[in-house]
Colleague: 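Shown below is the structure under consideration.
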Amino acid sequence: MKIFCLKFLFCVKIFFLFNIACFSQEIGTLRGTVVDSTSREALPFANILIKELNKGTATDSKGYYTITSIPANKTYTIIVSYVGYRSRTLTAFIGRNKITELNVNLSPTGFEMQTIEKTGERIKLENEIDVSLNLITIKEIETLPKGVETDIFRSLQYIAGVQSSGDVSARYFVRGGASNQNLVLLNDAPVYSPFHSLGLFGVVDPEMIKSAEFYKGGFPTEFSGRISSVLRLITKDGNRNNYSGSVSASLLTGKFMLQGPIPDGSFILTGRKSYSNKILKKFVNNKNTPIDFYDLSFKVNFLNNKIFKNANFIAHGFFSKDILNYDDPFKEDFWWGNKIWGIKYYQVTDVPLFYEISFYNSNFRGKVEPNYSNKRIQDNEINDYTFEANFNYMFDSKDEFAAGFKITELTSELYLEDKRGFLTDIKTQGSSISLYAKYKLMSLGNFGIEFGSRLNLTRLATGTAGEYFFEPRINLTYRFIPEVALKLAWGVYNQELITISDENEILTVFEPWVVTPNYLKPPQAIHYIVGIESNFIKNFFLNLETYYKHIDNFSTVNERKFFPTDKDLVSGIGYSYGFETTLSYQLDPINITSSYTLSWAFKKIYDEIYYPRYDSRHNLNFSFELNLGAGWKTSLAWFYNSGYPYTQILGYYDKLYFQDPLAQNFILDPYLPYISLADKNLGRLPDYHRLDFNISKKIQIDIFKFYLDFSIINLYDRANIFYYDRKTNERINMLPFLPSATIKIEL
Amino acid sequence: MKSILKLFILMTSMIYISSCEEGFDPKTKFEEQYIAYCILSGDTTFQTATLSKSYDVSSSDPYENTTDPSLEGATINIIYEDSTYTFKDSTTTRLDSSRYDSPIRFYYLNNFRPEENKNMTLQIILPNGKILNSATKTPRLTYFNFQYSDQDIPQVDGQVGIRWDYYYKDKENLVYYPRLKIYYQKLEDGIQKDKSQVIPLEYLLVDNEYVPYYPSVVKFPLIIYYQSVIDKAFQDISKNDPNKQNYTIKKIVFELLLLNNELAPYYMTVVGVSEGLSVILDRMDYSNIEGGLGVFGVYYVKKLDFNLSTAYINSFGYKF
């Protein structure tokens with residue numbers, strides 16, 4: 001390890017010297033923020049273009065941007081644009097070796113505009129390193145057909161490489177990985193249970209989200225803890241100019257949002273509560289679903305240049321709870337919820353150094369109360385306190401060096417009785433200390449490379465030092481002609497926290513979390529990604545990616561635990577590969593996106609190889625959005641995937657059921673028909689396809705803004721099979737033709 | 001105009017076709033399998049086994065099969081202490097002939113009672129020459145006792161705690177099926193008739209009515225009955241009958257069925273777990289029959305007779 005560290009530091013030093021030697025020229029830097037003029041809310045992924053140089057960048061998730069290496073002593077025309085906002089053209093003088101601050105306010109386009117202003121697509125550096133990254137704005141999500149609720153997690157299924165388990169669940173599977181291998185971060189704190197109501201909806205209300213970054217793989221070194229994907233959600237900061245609020249209602253929930261200025265800052269408070277279960281019945285085969293849930297989020301944003309110059313202090317919190325109470329002693333009850341709170345300090349220094357220090361606590365607790373049913377008891381709690389710091393230094397050459405550390409103190413408790421009556425009582429308390437460093441070489445124009453590694457100094461299961469592991473990662477972009485860029489990524493990813501999930505359970509109330517026990521190695525994945533990005537034709541964007549993912553030691557429930565000495569969990573290997581393509585056409589007022597995925601996923605446990613439940617060979621999505629003007633928008637979305645695997649029936653046999661074991665007459669005891677199953681998941685369900693429609697209208701009357709939205713799921717009422725219930729010989733279909741509407745009033 | 005009409009007809013047809021429910025066959029090509037159940041009693045010398053084969057039906061309803069799938073003509077051997085015991089085949093009257101009208105075929109073995117802590121193997125030679133094998137081991141029951149259990153009813157502290165102790169509980173996967181039973185006689189038409197009543201663990205109030213809740217299979221070696229529940233069970237024996245003197249209480253017995261290492265996981269998979277709102281597709285199954293399905297295991301019944309107080313029995317108006 002020592003040798004590796006020394007080599008790494010040596011490389012870093014060489015790059016520092018390289019930068020100082022080569023780039024001490026007559027150049028300057030432009031930086032600043034882009035905010036909404038009405039609320040001063042930062043706008044993530046807004047475009048900043050220097051017209052004379054035809055060079056630009058986009059703001060980060062905090063609305064911050066930096067453009068380095070601008071030839072100095074000149075005045076430039078700066079064009080700033082963002083989806084849904086009027087573009088602005090400004091001028092800025094760039095001084096030699098100086099940082100020029102240019103903070104820009106953008107005004108939202110009016111509701112009643114008849115013509116739609118062209119805002120253009122996001123500006124990217126020609127060597128931007130963004131393989132397998134999707135940046136999602138809430139405005140984009142709002143345009144798509146919603147179903148019952150606007151849902152960030154459900155919107156991910158539009159992305160190539162993301163599989164859903166159908167209409168019923170918002171759980172998603174990325175490039176052959178299991179759903180518990182997806183990291184969901186809310187203001188950088190992990191959300192352990194990101195779903196409400198049996199996974200039907202995400203817990204994160206899109207109303208509070210400012211930006212969403214979704215990595216399908218090859219994610220950078222600052223992210224850790226999961227091996228398949230990362231969804232990073234940043235909440236809004238709140239309106240710094242005026243107090244405002246909104247209320248909205250769908251067929252399932254009622255929501256509110258309050259925001260406004262506070263001395264030297266702003267706040268935002270959002271809440272959502274379910275009030276009707278009628279619509280949920282459509283999702284769960286008309287079963288009674290007495291689910292009650294809420295979520296509540298707040299953020300307080302403090303900026304005072306006298307106290308914290310060029311700094312931002314944030315306090316945030318998120319609380320969610322689901323209760324499933326039958327009010328029947330012979331039926332089990334459930335409750336589960338998240339509690340997250342944290343503070344963040346973000347500093348921009350006079351040298352181009354940014355640093356962010358965070359402390360947060362994320363807690364999940366879920367419990368199954370069996371009452372007098374034969375459901376088994378389950379009680380799970382996971383609680384982590386994390387302190388992390390991230391530093392990012394930007395050289396004049398456009399290169400960046402980033403480093404950071406993360407210290408987590410985690411406790412987890414799991415008490416459960418499994419289906420065979422075995423009790424599991426696991427209590428773990430451990431610390432995780434990890435460091436990372438990466439260098440982003442961006443100075444070579446058409447070539448960009450980011451390389452670095454995480455170093456985990458401890459293992460949670462052992463609670464102490466002694467087991468360390470590296471997670472080296474490399475991402476690069478090479479734009480060999482202006483219209484085409486080649487992108488590559490390779491990386492090693494580890495995951496210490498896993499869920500006790502039963503693969504056969506396609507609808508789960510909640511999944512308990514545990515630390516990978518000592519007798520198993522933590523799951524580890526290696527991602528190999530090759531991509532080509534092209535925009536040969538104006539307004540057309542083509543992205544092709546192919547990947548191979550190998551997972552070692554993925555943990556799952558030991559289906560063959562028949563004796564007390566058998567372990568609760570077993571590990572296996574998994575591998576997946578595929579090809580993804582995304583083609584989009586964006587020319588206001590039309591936005592067309594289509595994506596196709598050809599993929600294979602395999603798992604191997606107990607020396608048996610099988611297709612996991614979410615393996616689908618072909619996946620095709622198509623969306624068409626049209627801005628009709630005058631506040632009207634409409635969209636159509638069509639999904640297709642080839643059938644998911646299922647285990648076929650091999651035959652039937654008469655099985656002995658002990659009706660009264662104490663009667664001790666096993667000859668006369670009832671022998672009832674039982675299904676004999678063929679090899680796991682060798683059959684395929686029929687193909688799935690569905691067309692959704694959405695139309696929305698925004699109206700402003702006096703100081704009130706009304707948002708009316710009408711959606712239809714499964715417009716042509718396709719009978720898509722969800723599963724076959726072998727007990728009742730019943731085919732259970734997914735959602736039928738389902739219209740829904742929402743109304744939102746904003747003040 | 002014609003082309004627009006054609007396009008409209010084409011799209012309408014496509015949508016109509018797409019919206020149809022696509023056919024789906026949950027079955028694959030049928031393969032015959034053989035199923036053996038050989039569940040030995042550690043308390044008796046009479047042992048039984050059944051043998052059958054799997055079947056297929058044209059629909060998805062297995063009850064469509066009305067041909068008895070049991071197999072005759074097989075050779076079933078138990079190899080125990082270097083000796084081979086061969087089962088004989090026989091039939092008995094089927095009580096429920098709604099599905100199969102033929103007599104129940106079974107195999108039996110007389111004068112065989114396995115001792116504790118013994119290994120046994122089962123070998124089945126099917127009529128077609130195929131061989132099924134299995135093995136099991138009896139538990140070490142010398143180390144089983146009720147010594148820490150309450151022995152008297154009623155209990156003044158309001159609870160009757162029944163605890164059993166098994167020295168090898170950490171090493172062997174026994175599960176227990178408990179019942180507390182009142183054995184009594186009722187004078188009917190001048191004749192004393194033997195009867196029994198299982199005492200529930202609790203009475204639960206559901207829709208303004210008390211519903212008995214009986215203990216299920218347990219792994220933890222302790223069960224507690226509330227004295228009030230036992231009292232109510234005694235009262236219920238003669239519910240709505242004013243002639244309490246017609247009832248004679250014989251005894252209260254706690255009966256505990258012990259399922260051995262191989263039988264326990266089978267039983268647990270059969271008992272199953274409530275799915276509630278969750279959906280579980282491929283249910284787990286357990287078999288220790290090599291080359292087939294079914295189970296080969298051993299069970300024992302342990303009993304604890306409670307001391308009953310005459311005054312307590314008389315308080316219900318019963319004789320003792």
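So that the names make sense, note that chain A is the first sequence line, chain B the second, and so on, each numbered from 1.
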Colleague: For B:Pro26, which atoms come within 4.5 Å of any heavy atom of chain A: side chain, backbone, both, or neither?
Modeller: both

Colleague: Counting only heavy atoms closer than 4.5 Å, note whether B:Asp25 contacts chain A via side chain, backbone, both or neither.
Modeller: backbone

Colleague: In Å, rounded to the nearest 0.5 Å, how long is the span from CH2 of A:Trp336 to CZ of A:Phe293?
Modeller: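 The CH2 atom of A:Trp336 sits 9.5 Å away from the CZ atom of A:Phe293.
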
Colleague: What distance separates B:Glu31 CD from B:Ser54 OG, expressed to the nearest 0.5 Å?
Modeller: 9.0 Å

Colleague: Using non-hydrogen atoms and a 4.5 Å limit, figure out which bit of B:Thr50 sits close to chain A: side chain, backbone, both or neither.
Modeller: side chain

Colleague: Measure distances from B:Leu258 to the heavy atoms of chain A and classify the residue's part below 4.5 Å as side chain, backbone, both or neither.
Modeller: neither

Colleague: Please state whether the side chain, the backbone, both or neither of B:Ser70 comes within less than 4.5 Å of a heavy atom of chain A.
Modeller: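 For B:Ser70, there is no contact with chain A at all, as no heavy atom is under 4.5 Å.
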
Colleague: Please step through ring pair (Phe, Tyr, Trp, His ring centres under 6.0 Å) for the pair B:Tyr177 and B:Tyr299, ending with a clear verdict.
Modeller: CA-CA 11 Å; B:Tyr177 184 82; B:Tyr299 71 91; over 10 Å; no

Colleague: Checking heavy atoms, do the side chain of B:Tyr55, its backbone, both or neither come under 4.5 Å from chain A?
Modeller: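 For B:Tyr55, backbone and side chain are both near chain A.
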
Colleague: Under a 4.5 Å heavy-atom cut-off, does chain A meet the side chain of B:Arg99, its backbone, both or neither?
Modeller: side chain

Colleague: Under 4.0 Å between a Lys/Arg side-chain N and an Asp/Glu carboxylate O for A:Asp615 and A:Arg684?
Modeller: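 Answer for the salt bridge query: yes.
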
Colleague: Check this for me: does any side-chain nitrogen of one of B:Asp43 and B:Lys303 sit under 4.0 Å from a carboxylate oxygen of the other?
Modeller: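 No, B:Asp43 and B:Lys303 are not salt-bridged.
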
Colleague: Considering only heavy atoms, which portion of B:Tyr266 lies under 4.5 Å from any heavy atom of chain A: side chain, backbone, both, or neither?
Modeller: side chain

Colleague: More than 12 heavy atoms of other residues, nucleotides or ligands under 6.0 Å from OH of B:Tyr100: is that the case?
Modeller: yes

Colleague: Which atoms of B:Glu202 are under 4.5 Å from chain A, going by heavy atoms: the side chain, the backbone, both sets, or neither?
Modeller: side chain

Colleague: Which bit of A:Leu656 comes within less than 4.5 Å of chain B, counting heavy atoms only: side chain, backbone, both or neither?
Modeller: both

Colleague: Given that the side chain runs from C-beta out, which part of B:Leu201 has a heavy atom under 4.5 Å from chain A: side chain, backbone, both or neither?
Modeller: neither

Colleague: Got A:Leu685 and A:Arg731 here, is their nearest side-chain heavy-atom distance under 4.5 Å?
Modeller: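 They are not in side-chain contact.
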
Colleague: Ring centroids only, cut at 6.0 angstrom: are A:Tyr724 and A:Tyr646 within range, meaning strictly under it?
Modeller: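 No, the ring centres sit 6.0 Å or more apart.
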
Colleague: Is chain A contacted by the side chain of B:Gln33, its backbone, both, or neither, given a heavy-atom distance below 4.5 Å?
Modeller: side chain

